[in-house]
2 protein chains.
Amino acid sequence: MRVERPHRPGDVAAGLPADRAAAIRLAALRLFAAQGYRATTMADIGAAVGIRGPSLYKHVSGKQVLLAELMLGTMDTLLAMHTEAVDGVTDVTERLRRAVEAHVRYHARHRLEAFVGNREIGSLEQPGRVLRLRSTYERGFRELIERGVAEGVFAVRSARLASYSILDMGMGVANWFHDNGEFSVDQLAYQYGDLALRIVGKAG
Amino acid sequence: MRVERPHRPGDVAAGLPADRAAAIRLAALRLFAAQGYRATTMADIGAAVGIRGPSLYKHVSGKQVLLAELMLGTMDTLLAMHTEAVDGVTDVTERLRRAVEAHVRYHARHRLEAFVGNREIGSLEQPGRVLRLRSTYERGFRELIERGVAEGVFAVRSARLASYSILDMGMGVANWFHDNGEFSVDQLAYQYGDLALRIVGKAG
DNA sequence: CCTACCGATCGGTAGG
DNA sequence: CCTACCGATCGGTAGG
């Protein structure tokens, strides 16, 4: 009978993986972000967790699956944050603000996931599911803006351009945000909420 | 004495390359955009212009040089368009509008260049020059916004966030724009000019 | 512009 | 979790 090494109390709070499979996924995320999916080898990922490349196959089923699960998890989390953010909020201005704040918060807190998710779509052998989730996510913003226009609260020439603009500027956060920078995640989310409301013609 | 095949009058207008080296660069651009730099082989590029991989080396010096020249050309063109757009314009609102329109026009007209330029920075062995050009370009927008704020024409909490937002939403155009879509390049540029002015607090 | 080929790399498997 | 290894790929060169 074997006894597992107990996790020290600080591990989860420090973002340390609870088991080897989680450590492998984290290492893969970091390497995919830093070097690109194709430039990252199974040996690289193994070295990052202290084992050889072939030993990874005892914990994960392959490099492509690592990428696919990473990108599906990204979209699931983003959609869940969006749903929770707007849940129960009826006022369309407040709904848009909260949706934008969740969007920006995700891209600041999960920089690497967002970065890999946006850059490596072409590296997925079966991108269908991820693309469908992205489409659903984008539609949520467009419909929200269209509703605001219908209610006479927002004023835009094109709801599509407004939603693309808001989503694209939020995704850009993943490219330049750093902790210990000028703004905290909360400050950033609030200010992007303001900018989004300006875009839809609702002066702050 | 050999006689070159004369270029038919329509070639340049149709975007057809004038010589083999240009055809190779265009094929490389398209393949880098569609498959990624690392997934594109010299054999792929050769096949796209009707020759074998090794024959490419009579016209270009290598795959990495193809990428580096492509990305440097992208930044040179973008900076030149920016300079020409704001040249001689003193009013800060009009300067920002024209700068944004040039930015959006570039990302709509040169979708593939912008797409590759944004995705493959990590594939450059010597990214220094390209990064410096990008930094210069971004600084132009930030200083323009700071000037508008100083003149009391713009109102933003952070010129940096405003410039990042405007640049990021314009870069996003390269990800979804298609000819024969809802908007022409000119219409798109104008509407993004409006959105940018809203972001800086100058109602249209 | 071609074929032949070098040297290196890589994902994944075999077998322990 | 390891070493040994398979099968395939690739950028670039040699030599014509």
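Nothing here was measured: the structure is a model prediction, and the numbers come from that model. Every chain is numbered from 1, with letters handed out A, B, ... down the list of sequences.
In this structure, CG of A/L56 is placed 11 Å from C1' of C/dG12, rounded to the nearest angstrom. Remark: P of D/dC10 and CG of B/L31 are 13 Å apart, rounded to the nearest angstrom. In this entry the distance linking CD1 of B/I45 with P of C/dC1 reads 15 Å, nearest Å. Distance, A/Y37 OH to C/dG11 C1': 9 Å, rounded to whole Å. With rounding to whole Å, B/R38 atom CZ is found 13 Å from C/dG11 atom C1'. Atom pair A/Y57:OH and C/dG15:P shows a separation of 18 Å (rounding to whole Å applied). Computed from coordinates, the A/M42 CE to D/dC6 P distance equals 21 Å when rounded to whole Å.
When each of C/dG12, C/dC1, D/dG12 is scored by its nearest atom to the side-chain atoms of B/S55, the top-ranked nucleotide is C/dC1. Closest to the side chain of B/I51, from the set C/dC2, D/dG11, C/dG11, is C/dC2.
Across the strands present, D/dG7 finds its partner in C/dC10; the criterion is a Watson-Crick or G-U wobble pair with both atom distances under 3.5 angstrom. Remark: D/dG15 base-pairs with C/dC2; criterion is Watson-Crick or G-U wobble with both hydrogen-bond distances under 3.5 Å.
Using modelled atom types and a 3.5 Å distance limit, the side chains of B/D168 and B/S165 yield no donor-acceptor pair. A side-chain donor-acceptor contact under 3.5 Å links A/H103 and A/Y137.
Between A/E94 and A/R98 there is a salt bridge, with a side-chain nitrogen of the basic residue lying less than 4.0 Å from a carboxylate oxygen of the acidic one. We find that B/R97 and B/E101 are joined by a salt bridge, their nearest charged nitrogen and carboxylate oxygen being less than 4.0 Å apart.
Under the 3.5 Å distance criterion, the side-chain polar atoms of A/D44 are matched with a main-chain donor or acceptor of A/T41.
As judged by a 4.0 angstrom heavy-atom cut-off over every strand, B/T40 is placed among residues touching the sugar-phosphate backbone only.
Ranked by how close their nearest DNA chain D nucleotide is to the 5' end, A/G50 and B/Q64 are led by A/G50. Projected onto DNA chain D by closest heavy-atom contact, A/R20 and B/D44 fall at different nucleotides, the more 5' of which corresponds to A/R20. If B/R52 and A/G53 are placed on DNA chain C by their nearest nucleotide, the residue sitting closer to the 5' end is B/R52.
The side chain of A/K58 places no N or O atom within less than 4.0 Å of a non-bridging phosphate oxygen (OP1 or OP2) of D/dC1.
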